[in-house]
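The structure appears below as structure tokens.
The sequence lines fix the lettering, A, B, ..., with proteins before strands; numbering per chain opens at 1.
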There are 2 protein chains.
Amino acid sequence: MAFQIKSIETLINEFRKLPGIGPKSARRIVFYLLKQSKNEIKSFADALIEMKEKVKLCKNCFNLSEDDECFFCKDGSRNKASICIVEKPSDVLVIEATGEYKGLYHVLGGLLSPIENIGPDELKIPKLIERINNLKTSEIIIALNPTVEGDSTATYLSKNLKPLGVKITKLASGLPVGGDIEYADQMTIGRAISGRREI
Amino acid sequence: MAFQIKSIETLINEFRKLPGIGPKSARRIVFYLLKQSKNEIKSFADALIEMKEKVKLCKNCFNLSEDDECFFCKDGSRNKASICIVEKPSDVLVIEATGEYKGLYHVLGGLLSPIENIGPDELKIPKLIERINNLKTSEIIIALNPTVEGDSTATYLSKNLKPLGVKITKLASGLPVGGDIEYADQMTIGRAISGRREI
């Protein structure tokens with residue numbers, strides 16, 4: 001539905017580029033914004049620019065940060081003997097939200113993928129090895145998705161980090177809490193059986 | 001889930017204010033934007049500011065426009081003898097999309113509501129009467145929602161515009177195309193019966 005007003009069309013198109021926003025939602029958002037004050041629109045635009053200008057990657061763990069070192073690397077109370085390896089910055093959030101982990105992180109920024117030409121260097125693995133040596137890390141927790149790429153990256157990591165003398169663990173794979181055995185897939189049940197624990 | 005990065009939190013909060021965007025969508029959008037180039041973010045921010053600066057209301061019909069007169073008021077090929085009355089600018093779009101209407105519009109900007117203190121002056125009705133006199137309008141089409149407020153506004157309009165000697169019509173109310181009589185509500189069926197047409 002053409003609107004005949006260039007600046008509105010432009011903004012609708014900008015919103016349509018965002019994940020999960022279709023043409024109708026974009027239009028609804030723009031009509032909402034039209035009713036907002038100039039100040040409110042300005043603070044939205046400023047927030048966009050500021051986020052892009054300020055946020056960079058932590059020089060140690062490649063998590064997002066406004067400073068050279070991220071919140072976790074700077075925090076003296078974290079357990080420096082443990083590093084949790086995740087794929088992307090949002091995974092850090094998910095693990096933090098559990099409150100179960102108090103160590104450091106290392107954000108790979110992707111998973112090994114020969115097809116997409118993503119090798120160990122792209123995943124900051126040399127820097128990880130340097131950190132393990134400097135911090136005298138005793139445990140590495142691999143928190144990657146239980147997918148083909150995640151599992152093969154985990155295998156690669158464990159093979160290359162074991163010679164450094166660290167204990168390497170991986171998140172348990174099995175039935176999700178509140179899940180139903182009847183509806184779980186075979187692979188998940190298979191892993192739940194092989195990873196069974198005494199109670 | 002706190003992110004510990006101020007500029008990211010601020011932007012997530014800005015997105016959460018938008019209609020239909022919850023905390024998870026806002027976070028997903030911000031993570032998507034973090035991966036975009038500085039130029040892309042800038043053009044998004046510029047589009048916001050520009051829309052707010054440029055868009056105003058048409059001096060005749062109160063539709064949205066970047067100029068003093070909107071696309072429809074400026075278009076010489078539109079039928080100037082007919083005015084379609086709608087509640088809000090987005091309704092203009094919906095009617096245009098049908099391709100059934102070639103006249104002018106008048107955007108009320110709301111519906112009569114004594115409780116919210118919205119009277120005829122707030123709805124630009126004096127300006128509408130002025131336009132009807134100047135344009136020598138022959139037909140007024142009332143395209144308001146078939147709700148209590150919409151119907152009472154339509155009744156008010158018809159009572160006040162009839163003395164001007166114009167023909168006043170209202171959008172037909174009845175079963176939606178593709179709808180099912182079994183699932184239609186009593187009011188809708190009632191209106192479909194009273195508004196029945198010979199075939």
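One side chain, A:Ser7 or B:Glu66, offers a donor N or O that lies under 3.5 Å from an acceptor on the other.
For the residue pair B:Pro19 and A:Ile29, the shortest heavy atom distance occurs at O-CG1, 3.9 Å. Summarising the geometry of A:Ile41 relative to B:Lys52, their closest heavy-atom pair is CG1-CD, 3.6 Å, with the distance given to 0.1 Å. Between A:Ala47 and B:Thr10, the shortest heavy-atom distance links the atoms CB-CG2, 4.2 Å.
Residues B:Val107 and B:Leu144 fall into different hydrophobic clusters, defined by Ile, Leu, Val, Met, Phe, Trp and Tyr side chains chained together at heavy-atom separations under 4.5 Å. Tracing side-chain contacts under 4.5 Å through hydrophobic residues (I, L, V, M, F, W, Y), one never reaches A:Leu157 starting from A:Phe62; they form parts of separate clusters. A:Val86 and A:Leu123 fall into different hydrophobic clusters, where Ile, Leu, Val, Met, Phe, Trp and Tyr side chains are chained together by heavy-atom contacts under 4.5 Å. Following chains of ILVMFWY side-chain contacts shorter than 4.5 Å, one cannot reach A:Leu64 starting from A:Leu128, and the two form parts of different hydrophobic clusters. A:Val166 and A:Ile125 end up in the same hydrophobic cluster when Ile, Leu, Val, Met, Phe, Trp and Tyr side chains are linked at under 4.5 Å.
The neighbour count for B:Arg131 CZ, taken as heavy atoms of other residues, nucleotides or ligands under 6.0 Å away, is above 12. Counting non-hydrogen atoms of neighbouring residues, nucleotides and ligands closer than 6.0 angstrom, the CZ atom of B:Arg28 reaches no more than 12 such neighbours. No more than 12 heavy atoms of other residues, nucleotides or ligands lie within 6.0 Å of CZ in B:Arg16, so this atom counts as exposed by the packing criterion. Environment of NZ in A:Lys74: crowded, with over 12 heavy atoms of neighbouring residues, nucleotides or ligands closer than 6.0 Å.
Rounded to the nearest 0.5 angstrom, B:Ser43 OG and A:Glu14 CD are separated by 4.5 Å. Of the inter-residue distances, the one linking B:Leu57 atom CG with A:Leu34 atom CG reads 9.5 Å to the nearest 0.5 angstrom. Atom-to-atom distance recorded for A:Lys17:NZ and B:Glu40:CD is 6.0 Å, nearest 0.5 angstrom. With rounding to the nearest 0.5 angstrom, the CG atom of A:Leu18 is 5.0 Å from the CZ atom of B:Phe44. A distance of 6.0 Å separates CD1 in A:Ile5 from CG in B:Asn63, rounded to the nearest 0.5 Å. Note: B:Ile49 CD1 to A:Asp46 CG = 6.5 Å, rounded to the nearest 0.5 Å.
With a 4.5 Å cut-off on side-chain heavy atoms, A:Met51 and B:Leu33 count as touching. Looking at B:Lys38 and A:Glu53, their side chains come closer than 4.5 Å, going by heavy atoms from C-beta outward. When side chains are defined from C-beta on, B:Ile21 counts as touching A:Ile21, because their heavy atoms get closer than 4.5 Å.
Both the backbone and the side chain of B:Lys6 come within less than 4.5 Å of a heavy atom of chain A. Looking at A:Ser37, only its backbone comes within 4.5 Å of chain B, counting heavy atoms on both sides. For chain B, no part of A:Lys88 is nearby; none of its heavy atoms comes within less than 4.5 Å.
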